[in-house]
Amino acid sequence: MDTPLTTIAVVGLGTMGTGIAEVLARAGREVVGIDISEAAARQAVASLEASTARSVARERITEQERRDILARFRTFSDLQAAADAELVIEVVPETYEIKQQVFRELDAVVSPAAILATGTNALSVTRLAAESQRPERVLGLHFFNPAPAMKLVEVVSSVLTAPPAVESVTRLARELGKEPVAVGDRPGFVADGLLFGYLNQAAAMYEANYASREDIDAAMKLGCGLPMGPLALLDLIGIDTARTVLEAMYTASHDRLHAPAPVLGQLSEAGLTGRKAGRGFYTYDAPGGQTVVPDALTPAESAGAVTGRTVSSVGVAGSGTMASGIAEVFAKAGYAVVLAARSQEKADTAKARIAKSLSRSVAKGRLTEEARDETLARITPAGSLDSFADVDLAVEAVAEDLEVKRQLFQTLDKVCKPGAVLATTTSSLPVVAVARVTSRPEDVIGMHFFNPAPAMKLVEVVRTVLTADDVHATVREVCVKVRKHPVDCGDRAGFIVNALLFPYLNNAIKMVEEHYATLDDIDAAMKLGGGYPMGPFELLDVVGLDVSLAIEKVLHSEFRDPGLAPAPLLEHLVAAGCLGRKTGRGFREYARR
């Protein structure tokens with residue numbers, strides 16, 4: 001029977017170690033804080049004093065409880081202080097040399113029954129365990145920063161770890177109010193293993209001058225509901241830290257998606273490591289500051305920019321959810337909208353869908369009945385594209401099939417007046433391929449809305465090498481008028497959001513294929529550790545596995561990177577007709593409605 005973990009030593013009192021110590025002390029554990037720096041130890045005590053004082057002020061704990069918490073935290077400068085600890089958690093600098101030295105010294109200090117945990121997120125737990133005198137008692141205990149707030153704890157087992165040790169720390173994590181997930185030993189574990197590949201791809205996208213840092217970050221925040229954009233997050237984590245994690249991941253996987261983008265090395269070597277240095281991808285008001293200040297790369301005000309064309313009427317082609325949503329967006333903003341479908345009946349059905357959507361907004365108090373009626377009055381359903389003769393902007397939202405879109409653009413070319421802007425909402429097909437079937441490719445552009453269009457604020461504005469400057473300006477101006485945030489990107493597969501999102505989703509599937517972690521643990525890890533609104537498998541089932549596979553195939557075809565090849569498990573599920581929520585079964589099963 002394992003000893004209860006009542007006395008716990010924390011080795012390394014930096015930001016993470018101090019946070020872990022606070023969590024433990026608040027939960028009633030006796031905490032031995034150890035750091036060779038007396039200044040770090042004093043700072044850890046001061047941090048706990050300040051944190052608990054705030055809790056008293058907010059009436060979350062009493063003054064007596066505060067005194068008890070502070071009494072449970074003692075600091076020392078020598079590892080000998082860990083002698084009576086039943087668990088030691090090391091969070092020293094992320095190098096094998098330092099961690100191995102700590103483990104060697106602990107072997108000579110702690111009891112044979114003590115558990116030794118490493119807080120690494122990039123190094124091999126197995127390698128650290130193998131050099132210990134008690135490898136069966138060594139495991140990984142990966143907290144997330146800030147430890148008092150973040151719920152996720154990854155419990156990492158090596159092939160040498162004894163199950164009772166895992167059970168003890170898992171039980172402890174739950175008693176601390178955390179959500180433990182069990183993972184195997186590989187660099188990055190689950191959360192960072194998925195997160196850092198995505199961050200690396202974002203850095204490479206920026207380095208290629210495909211999109212600005214501001215547009216990349218805005219796209220992922222608005223398109224995926226993430227709390228931070230990837231480049232801002234890299235600055236927060238530390239660009240040097242990210243590079244170290246990626247180097248470890250690449251050493252283990254040899255996946256080019258994990259090979260650190262050269263810009264990460266260049267910034268690290270220049271000392272531009274992010275917020276802590278005052279400059280990384282962005283520039284901050286001071287080292288350690290949080291406020292971004294303008295620099296040479298900050299977009300200038302658009303004084304003297306190209307003037308767009310006048311748009312007062314808009315045609316929307318299609319009758320599905322996306323077409324209805326886009327028509328609703330334009331009509332709400334005051335535009336006269338022609339909603340054209342393959343038949344009058346389909347167009348009327350699409351308008352009826354908009355009426356229901358607007359009525360829901362009225363019921364929730366977001367819209368008045370008068371505004372609903374005025375919005376509906378601006379929408380004219382039509383059964384033919386001939387109704388687009390006088391529109392200033394035509395937006396297609398039909399099936400994601402290149403031949404279907406080409407035929408539609410050939411028709412728009414004949415029907416729409418000279419000077420009308422022709423836009424496609426494609427999320428994966430080349431915009432130039434539809435532009436070339438018209439006699440006016442300079443008037444063609446991509447306007448990639450996100451579903452549901454009335455709610456999602458992002459529009460990816462995709463100009464081809466043939467798109468005219470005033471067409472680009474027109475679409476950006478229209479986006480602002482309909483209260484959407486436009487981001488500029490070039491005409492290549494996936495644009496910004498899908499090019500970064502789907503490799504991350506694909507890597508999550510590979511983790512399950514390799515039996516590295518469960519669906520539930522991966523979803524929990526990304527929601528609790530990465531701040532994602534949905535776990536990858538929840539999202540895949542909502543998007544549709546067939547849609548996801550199609551996008552991944554397009555990305556793989558365009559970039560030819562083996563790491564982008566769709567995971568076989570995804571292909572098998574699609575072949576079996578398990579497409580997600582819409583079929584009642586995808587990665588999970590759903591109740592039929």
Side-chain angles (χ1 to χ4, degrees), residues 1-25 29-45 72-143 147 153-173 176 185 244 248:
M1 179 72 72
D2 267 33
T3 308
L5 305 179
T6 55
T7 300
I8 300 172
V10 178
V11 182
L13 295 176
T15 302
M16 181 60 82
T18 298
I20 294 170
E22 176 178 339
V23 170
L24 292 167
R29 267 50 181 193
E30 294 294 326
V31 183
V32 177
I34 304 172
D35 200 296
I36 57 174
S37 166
E38 291 184 5
R42 286 195 300 271
Q43 178 58 42
V45 172
R72 286 195 290 269
F73 182 44
R74 297 165 294 145
T75 61
F76 302 86
S77 59
D78 192 325
L79 283 175
Q80 191 66 41
D84 295 328
E86 292 114 13
L87 167 66
V88 181
I89 305 171
E90 71 76 15
V91 274
V92 299
E94 196 76 344
T95 71
Y96 279 115
E97 292 73 20
I98 296 175
K99 291 184 186 292
Q100 286 168 339
Q101 178 65 28
V102 168
F103 272 72
R104 279 194 294 269
E105 293 186 29
L106 287 171
D107 276 338
V109 168
V110 300
S111 74
I115 299 170
L116 303 182
T118 172
T120 185
N121 69 335
L123 305 181
S124 169
V125 176
T126 306
R127 180 171 166 184
L128 292 171
E131 298 192 16
S132 167
Q133 292 177 13
R134 62 193 81 205
E136 74 284 355
R137 308 292 290 174
V138 176
L139 46 71
L141 200 55
H142 181 214
F143 287 78
V153 174
E154 292 178 319
V155 180
V156 189
S157 303
S158 80
V159 292
L160 305 170
T161 309
V166 176
E167 291 163 9
S168 292
V169 296
T170 301
R171 184 168 58 250
L172 170 68
L176 298 176
D185 181 25
T244 298

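The basis for the numbers below is simple: all heavy atoms, side chains too, and nothing from hydrogens, waters or symmetry mates.
- Summarising the geometry, atom CG belonging to L87 is positioned 5.0 Å from atom CD1 belonging to I8; distances are rounded to the nearest 0.5 Å.
- Between the side chains of T6 and E86, a donor-acceptor pair is found at a separation under 3.5 Å.
- Scanning all heavy atoms of the two residues, the minimum distance from A9 to I34 falls at CB-CD1, 4.5 Å.
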Which donor-acceptor pairs under 3.5 Å do side chains of residues 74-85 form with protein atoms, sequence neighbours excluded?
from : atom 1 : to  : atom 2 : distance (Å)
D78  : OD1    : Q80 : N      : 2.9

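- Nearest heavy-atom pair, V31 versus A25, reported as atom, atom and distance to 0.1 Å: CG2-N, 3.6 Å.
- Here E38 pairs with nothing under the side chain to side chain donor-acceptor pair (under 3.5 Å) rule; sequence neighbours left out.
- With sequence neighbours excluded, the residues that form a salt bridge (Lys or Arg N to Asp or Glu O under 4.0 Å) with R29 are E175.
- Minimum interatomic distance between V10 and G17 (heavy atoms only, all atoms of both residues): CG1-O, 3.6 Å.
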Verdict with supporting geometry, L141 and V155, side-chain contact (heavy atoms from CB on, under 4.5 Å): CA-CA 5 Å; L141 200 55; V155 180; 4.1 Å; yes
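- A distance of 11.0 Å separates CD in E30 from CG in L24, rounded to the nearest 0.5 Å.
- Judged as a side-chain contact (heavy atoms from CB on, under 4.5 Å), and not counting sequence neighbours, the contacts of D35 are L13, S37, A40.
- Under a 3.5 Å cut-off, the side chain of T18 and the backbone N or O of T15 do not form any donor-acceptor pair.
- Taking each heavy atom of P135 and S132 in turn, the nearest pair found is CD-O, 3.5 Å.
- L5 places a side-chain heavy atom less than 4.5 Å from the side chain of S168.
- Sorted by first then second residue, the salt bridge (charged side-chain N to carboxylate O under 4.0 Å, His left out) pairs that include residues 104-133, not counting sequence neighbours, are D107-R134.
- Judged as a salt bridge (Lys or Arg N to Asp or Glu O under 4.0 Å), and not counting sequence neighbours, the contacts of E94 are K99.
- Considering only heavy atoms from C-beta on, T161 comes within 4.5 Å of S158 through its side chain.
- Annotation for E136 and A165: closest pair O-CB, 4.1 Å, computed over non-hydrogen atoms.
- The structure places CD of Q133 at 11.0 Å from CG of L106, a figure rounded to the nearest 0.5 Å.
- Of the candidates V125, L128, L139, V159, D185 forms a side chain to side chain contact (heavy atoms under 4.5 Å, CB included) with just one, namely V125.
- Between E90 and F103, the shortest heavy-atom contact is CG-CE1, 3.5 Å.
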Applying side-chain contact (heavy atoms from CB on, under 4.5 Å), run through L123 and T118 and close with a yes or a no. CA-CA 9 Å; L123 305 181; T118 172; over 6 Å; no
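- Dense packing is recorded around CD1 of I98, with more than 12 heavy atoms of other residues, nucleotides or ligands lying under 6.0 Å away.
- Considering CG of L176 and CZ of R171, their distance stands at 12.0 Å, rounded to 0.5 Å.
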